[in-house]
J.: 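Take a look at the following structure, please.
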Amino acid sequence: MAHRWGMVVDLDRCTGCEACVTACHAENNIPTVGAAEAARGRAMHWIRVERYWEGEFPEARLTFRPVLCQQCDNAPCEAVCPTYASHQTDEGLNAQVYNRCIGTRYCANACMYNVRFFNFFHPQWEKPLQLQLNPDVSLREAGVMEKCTFCVQRIKAAKSEARAEERELVDGALQPACAQACPAGALVFGDLNDPESRVARLSESPRGSKLLEEYGAEPKITYLQRQGWHEPDAQ
Amino acid sequence: MDRRRFLKVTAITGTSAALASCGHPENQIIRFVPEEELTPGIAVWKPSVCPLCSAGCGVIARVMDGDAEVFRNGQPGVTRMGLARKLEGDPAHAVSQGRLCARGQAALQVTYHPDRITTPLRRTGERGNGAFQEVSWDEALGELVSRIDELVGKGQASAIAFLGRPRRGQRQALVGEFLRALGAPAPVSFALFDDGVARHANELSFGRYQLPTLDLARTRYLINFGADFLGTWNSPVAQGVAYGRMRQGQPGVRAKFVQVEPRVSQTGASADEWVVVRPGTEGVVALGLAHVIMREGLRPATAAGRAGTLVDGWAGGLPQFTPQEVERRAGVTAERLERLAKEFVTYGPSLAVIGGAALAHANGVVQALAVNALNALVGSVDAPGGISFMPTEAPPARPARSLRDLVSASPQLLLVDEANPVFATPSAARVGEALRNIPFIASFGSFIDDTSVLADLILPDHSFLESWTESSPESGAMEAVSMTAPPAMRPLYATRAMPDVLLEVSRRLSRPLDPPLPWQTFEEVLQAPPAAAPAAPARAASASPVTWADAQFDGDAATYPFHLLPYASQALHDGSLAHLPWLQELPDPMTTAMWCSWVEINAHTARQLGIALGDMVEVSSAHGSVRAPAVISPGIGPEAVAMPVGQGHETFTRYASGRGANPIRVLAPVEEPATGTLAWSATRVRLARVGGPDGSLVLFAGATRERPDHHGRG
Amino acid sequence: MAQPSRWGTPSVFTTAHRSAGEAFRAFFDMRPDEVDQPVAFSHQLHLEKELVCTDCHEGVERGPVAGLPSVNTCLICHSQIATDRPIIQEITAMQEKGVDLAWRRVYGYTREAHVRFEHAPHIRAGVDCSTCHGDMKQQTVARRVVEMDMAFCVNCHKAKQASNDCLTCHF
Amino acid sequence: MNRTRNNPLADDLVRPLFHTSVWFYGAVLVLATVVLAGAAAWGYQLWYGIGVAGINWPVFWGFYLTNFVFWIGISHAGTLISAILRLVNARWRRPVTRCAEVITVFALMIGAMFPIIHLGRPWLAFWLAPYPSAREIWPNFRSPLVWDFFAINTYLTGSLMFLLLPMIPDFALVRDRSTGWRRRIYGALALGWQGTTKQWHRLESGMQIMAIAIIPVAVSVHTIVSFDFSMATVPMWHSTIFGPYFVAGAIFSGIAALIVAMAALRKLLHLEAYLHPVHFENLGKLLLLMSLLWAYFVFAERLTVWYGNEHSEMAVFWATQRGEYAPLYWAMVVCNFVIPFPILALRQLRTIAGTVVASFAVLIGMWLERFLIIVPSLAHKPLPYTWGDYAPQPVEIIIMVATFAAMILLYMLFSKFVPIISIWEMKVGNQPHPPVVTEAEDELAGLWRARP
Amino acid sequence: MKAVYALYTDPDAAQLAVDALRAEGVAERDIVVMSSEPFEEYEFSHRDKATWLHWIAGGGGLLGMFAGYLLTSTTQQLWPLVTSGMPIVSTWPNTIIVFEMTMLGAILATVIALFVTASLPSRLSQLYDNAVTQGYILVGVDGPSDELAARLDRALASVEGGQVKSIA
């Protein structure tokens, strides 16, 4: 059976440390845009840690929520793309084909999660910072939309390696950079079609919900809600 | 017909393209024969150690071939070489366990930083103006050796000083050996957030000059007094891993996490309960908890053992720390304290942690002792779910000298290894001025920062990926961890590892060292390490109890109504990482700010002073003032303002120079008396709006864009 | 753009084209079929001597990139063979000086194509080198003889029932 | 009837083609400079990237798409109005039709440029067109942008034909009155028109069919432009009212543009004899109707959003109602309703000057409306963390100004080369045979009543 | 004789001239009437009323509809890419393309049919007079025999207010 890649984000584990953010930058050749451009709202973070305050001092409470491309089944970004740069693969990935992208930015508007980022200018690396670039990942040029790919290069490498060695993929061995870096283990990645996989079991959790579920985009990322503390019954 | 064929038909041939592409300098540059066997496009994982903080996480570097611009024999060219492309936690390392924090991930950029020093430099202009000229290693070493020779010849070897970052392991031991053989005083370690207070208190309470390992995974009740253990304190990766297990490690079991601090830190954000206290009264709360526990007879005073006897009045049940008294002093209601105390003792294993701002007071040691005693009282020392001390072959030793000792000794020659005291000390401490008066300074760091800009000679070190590395963390794992790793990649530039430079210097000295150092290279040092430096005599475990002292603050409350709470930036830590663009552009988890400094202000305060988001405010202490844009936060009390540390470098590469403001500079030079560490939370300030937004506040999202009525949607 | 680097190259690495002409040529995929190589290496001659591709293009079975040989590779044989030829002497001299051959690529895709081609899976699938590179026995200095446009790849993938999803090649 | 009946008319209307004042050249020079500045700005943007515009994350669409919708709206001036009036055979339409149709064609051309200017990689815009290529990939017909491509193409083709076909007899007229190079050019343009009864009849019935065909196309174009927004689940975009709302808005702004253009022509080309106050009055009534319709749509849209009280939509709602976009929002209401309504409703004010003032207000108001549909919604998408804002940059402003200059320039040049009032249709209008109704009687009836 | 014609300013006169030509036995299709405006009120302008233009437009529309359907459905099946969980051949959105193609087909068919049936573009025929665009109505016959020409000449002259001309 084909894979269906998905993720579970455990908000109870997330500490907001942003290890995932830098890991993603390093893995996916995401450019830093500099202070001036960042001030104009052009910073690119395929994964970000949203924080929401509730209440006021001294009862203020904070929740962190890592948000990345939700890899929706009914992705609103896909249909609106005039050139098929955005479409669904048979493994459930919400593909972004850079060479096909003409930069209408319609997908980014259609995406209610705002997880798509646009190369307003050509990315620049002041030499020799370009030596840090991952040769397995494309460098996106100006005018091209980009977003989280679930580290498709890792998926492809792992599948290719498994095929060469004539074995099945092992659950947990293949991880996107963010999940791999996360110290608290808040991000769990895997194959939703494998009922034994950790991600499939966790996504059944009663704590689970989808972000902006009411829009019906059917994301493949399940958020496990943060829990409160209750006094244990027995000592 | 495709585009290509179309053009062929129109008879535009490729000749012009070929001619044009010859014009690119890349195609004219010399290509050197690769020095290593590489399979193109295949990644190799090589172990290394993250050098950015003292946690000592083992990392693995993904090395792949690539074309690097290099110099060979003074000739510019390009060569194919193995290049580290990504860092990840080493799954086999007991501290990092395959995980890595944001800063560790960004450590990659240290190697490839465009402003890295590539060859030795000699100062040419005025000290501090940043003018250097490139010199050969031979020349540079010759100059350093002649300076040392001169001092040794005059019998002034004791005027040679070494200032480095707190490091452990063979590299540090080698420095000690070198200095001892030279007849110079012991090396001095300096870092802003160096936890000397916590170590000192642990030595008093438990006989270990060491930071504890927190067994969070098995804790069921955690009270944290200000330690940013999920962000920047101690061993954040290991603690993060354990925290994940504490939260959702076992089905149906979830520990309670109470954070006691005056401002919500990134760690505090994850707490189930935030207890606001006045700065410097964390220990009062701890002692209040102990009082309730003992009063209720839940634990006997003797359970705390030595840690308890160190606290004055412990045996009598701490009568002066009744809940009412705690409420008066710390601002925590008596009912809440009673409840917390009962919960803490009931739902064990429980654990209390103190660190960070709570210890950065003049009464830091007694605060730490209070928490240590509380831990001991509930049996959380060396117990599952409590604190323990990692058994290490070379236990951490109390430093023999401090920065203050170094400065007051007016050395003639200073060797600086990546420490940046000019940035990280209050201007009132006048460390920069003192350094300027040292006749000769040599720096080993890879970058020109606020301190090394004063150097006369810069002898650039390899990056950690290019040199042998070692990890001997003092905490983070239950078992002893020690590793060494060979270089992950060849050096990009004409740099040399600092230990190798010291060994080379020792060989070149006109009067040979006695005894001579027995190694030729750092690699040999790692294979046959020097004997551990003798620890400073363990402080006589004085059983004399320590009396509670209230935290003292610089500046009177009438003129300076606010406590200034500097805190370690999640991205830039103590500022030593401000040169890495990935970290500069990492949104702060609490404010989403990037590339800037800011002042966190309570909404009520902001309203009173007429300050809106992004307005420029001036924070003034009795010792100076800084300006930064305001961020209004519900996570800080009305009597405090907070500022992240990390920005405000005068000189520190193109990415950090002249960016933001440095709150450390305006602090009062108050020290914790027992350890001499800076009490960086002990300064009062006043606040004034000095202008509208100047555009320096760069937010990724959030604060400007959020309305109070839309919180927590989802 | 900032000052050139110490290598005389631009100090900034960017995906931008440096001139309108370069952008134009990239857009129309205008590349010479033949390029000037540092030495006139004859594939024909070497293949006739029963060398095989993987002798010099070592990475082709293992990784994404076939790899272009360095002078070290040349001199594995030529430290003994044909050492009297001027071209071999030149190469020997280069190795002594530590200077490598700056081969220029003949095949490959423009950056805008975002094609992430991997050799190894194709070799494993039994695709012959000549399918994409032509019969090298007929070529002296390698030249581009196969037009690798998208139809070329897609047709082969169709014929061999390999995946034709966009993410197969473009990511 | 005598032979002189028609000639003064033709003389009048052809005169601008043969006599050009210095002022004209001066104006062309100024406008061309502005247009060239816009072209230079676009070149700058092409070279450095779309980032020179003010768009950002998350406001990915800004001025360019505002102008796109605005100009496509303006394009409804012409063809739609003139087609409806042609179908209902409103007498007073005759001097108006060509003015209107020209607006359509030029506005469409300018409008269609904006989505291309706005692309990140405009050199690949041809991928929107369905054509067989080696890639075997075709456009995604589910994308509203592809619908736009088809709709605008159809509309542009139709409008162009609708404009050009009735120009042929007038070209023949100019051909017969000119000599030398002019005769050759107009001779070619006239396609050998002779005016046989068969040609006239085919032309008339062809125009009849075109008028029938162009109305649904025009409606579809602006509906599809509205689909660009309403297909996306962006707060206050995802609304079924958008189709008719946009069409009404388009006609609204189109009529306003027509009134302004007619007033300018009347003044500059001295066409007082042909463009009477009654034309302005009738168009003013239409404008009044559309203003009321617009107000109705806005009220319906706002009421349902407010009543529904959906979280993310309310964020946009309040941002426009009393937040950072409120000044623009209320300016829009003033321009689209508060100013035009009294002017157009009161007969005394419904003069040429009055309607022109009202039309200018409407043009500004409708531009603001497009801006307020696009930007506040994108700035307030469902996750509050991602809220943003937008400020236009010089490049966007220069290009926008240049397109206005281009519109005026094209209009001026057109009126210099083609009789701006259809001469033969004027002649038909002057034929004595139909029962003559006075202009006063004709006022409302003439709008909708077919000639017997 | 190449042609015989007369120029009238009054359409009533032109109508009389047409009737006169008919009376002379000139076939309906040989009578040429040119004017600078259509005269729908007069019988002479209705001689070519019968036309297939509406049907051709409809046919063009059908053709466009069919082309639109083929274009959308076949290209979507050619390389079946899933977007947004929609079916490969998505009827609703395709309807929009089909509609636009239908209208485009109808418009193009109309224009082409108009041009073909109205013989546009063409060179000016010999029987033409610049006076037509000055408001005269030309009534004449192209290429009559000499004998017929003389008769027509008279017939045209018999209508008041005309200037009879001939082209040799």
Side-chain angles (χ1 to χ4, degrees), chain A residues 33 37-45 48-53 65 67 74 76-87 97-123 140-145 211-212 214-217, chain D residues 46 48-61 65 115-116 118-128 135 137-149 228-229 231-235 237-238 310-312 374 377-378 381-391 393:
Chain A
V33 298
E37 280 297 292
R40 295 175 71 188
R42 275 117 180 240
M44 294 163 114
H45 300 291
R48 62 173 180 260
V49 181
E50 295 194 346
R51 65 101 179 76
Y52 287 96
W53 286 104
R65 181 167 55 203
V67 178
N74 292 344
C77 55
E78 289 173 353
V80 298
C81 176
T83 58
Y84 283 116
S86 180
H87 69 269
V97 183
Y98 308 123
N99 48 307
R100 192 67 188 158
C101 176
I102 61 174
T104 66
R105 307 186 292 286
Y106 200 170
C107 52
N109 286 348
C111 173
M112 49 268 194
Y113 307 104
N114 273 338
V115 290
R116 293 179 152 264
F117 295 88
F118 187 68
N119 288 279
F120 289 95
F121 293 110
H122 283 282
R140 286 79 57 181
E141 58 266 50
V144 168
M145 193 57 79
L211 191 56
L212 301 178
E214 63 274 25
Y215 282 82
Chain D
L46 279 175
Y48 287 101
I50 186 78
V52 297
I55 44 168
N56 59 47
W57 176 87
V59 186
F60 284 102
W61 288 358
L65 269 274
I116 295 173
H118 126 117
L119 285 184
R121 304 204 289 172
W123 48 90
L124 296 175
F126 65 94
W127 283 354
L128 283 172
R135 289 178 222 94
I137 297 271
W138 294 74
N140 177 10
F141 293 110
R142 299 167 195 82
S143 168
L145 294 181
V146 175
W147 308 345
D148 273 335
F149 174 83
D228 286 348
F229 304 100
M231 291 295 139
T233 53
V234 172
W237 278 12
H238 196 49
E310 205 272 323
H311 216 110
S312 47
I374 295 173
S377 286
L378 291 177
K381 301 237 308 244
L383 295 174
Y385 183 87
T386 65
W387 287 358
D389 41 33
Y390 167 81
Q393 295 301 304

J.: Side-chain contact test, heavy atoms from C-beta onward, threshold under 4.5 Å: evaluate it for D:W147 versus D:L145 and give yes or no.
T.: no
J.: Which residues pass the side-chain contact (heavy atoms from CB on, under 4.5 Å) test with A:A108, not counting sequence neighbours?
T.: A:R116, A:M145, D:F60
J.: Flag the one option from D:A125, D:A53, D:A391 with the top tally of heavy-atom pairs under 4.5 Å to chain A.
T.: D:A53
J.: Given side chains that start at C-beta, do those of A:R40 and A:V33 come closer than 4.5 Å, heavy atoms only?
T.: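 Contact flag for A:R40/A:V33 side chains = no.
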J.: Which of the residues D:V52, D:V146, D:V234, D:D148 is involved in the greatest number of heavy-atom pairs with chain A at under 4.5 angstrom?
T.: D:V52
J.: Atom OG1 in D:T386, atom CH2 in D:W57: separation rounded to 0.5 Å?
T.: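 Reported value, rounded in 0.5 Å steps: 5.5 Å.
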J.: Quick one: pull up OG in D:S312 and CH2 in D:W387 and give me the separation to the nearest 0.5 Å.
T.: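 Rounded to the nearest 0.5 Å, the OG-CH2 separation comes to 9.0 Å.
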J.: With a 4.0 Å cut-off, would you call D:R121 and A:E141 a salt bridge?
T.: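 Yes, this pair counts.
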J.: Determine the option with the most heavy-atom pairs under 4.5 angstrom with chain D, choosing from A:H122, A:R100, A:M112.
T.: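 The answer is A:R100.
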J.: In terms of heavy-atom proximity below 4.5 Å to chain D, should A:V49 be classed as side chain, backbone, both, or neither?
T.: backbone
J.: Quick check on D:W237 against chain A: is it the side chain, the backbone, both or neither that has a heavy atom closer than 4.5 Å?
T.: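 Interface part for D:W237: side chain.
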J.: So which of D:M231, D:R142, D:K381, D:H238 has the largest heavy-atom pair count under 4.5 angstrom toward chain A?
T.: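 Ranked by heavy-atom pairs under 4.5 Å with chain A, first place is D:K381.
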J.: Identify which of A:N114, A:N119, A:V144 forms the greatest number of heavy-atom pairs closer than 4.5 Å to chain D.
T.: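 When all of A:N114, A:N119, A:V144 are compared, A:N114 has the most.
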J.: How about A:R65 and D:Y385: do any of their side-chain heavy atoms sit closer than 4.5 Å?
T.: no
J.: So which part of D:L119 gets closer than 4.5 Å to some heavy atom of chain A, the side chain, the backbone, both or neither?
T.: both
J.: Under a 4.5 Å heavy-atom cutoff, which of A:T83, A:V67, A:T104, A:N109 has the most pairs with chain D?
T.: A:N109
J.: Please list, chain by chain and in numerical order, all residues satisfying side-chain hydrogen bond (donor to acceptor under 3.5 Å, both in side chains) with A:R140, sequence neighbours excluded.
T.: A:E146
J.: Examine whether an atom of D:F229 lies under 4.5 Å from a heavy atom of chain A, and if so say whether it belongs to the side chain, the backbone or both; otherwise answer neither.
T.: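 Contact with chain A is through the backbone of D:F229 alone.
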J.: Tell me, for D:L65 versus chain A, whether the close heavy atoms (under 4.5 Å) come from the side chain, the backbone, both or neither.
T.: neither
J.: Among A:G103, A:G143, A:P82, single out the residue with the greatest number of heavy-atom pairs under 4.5 Å to chain D.
T.: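 Of A:G103, A:G143, A:P82, A:P82 has the most heavy-atom pairs under 4.5 Å with chain D.
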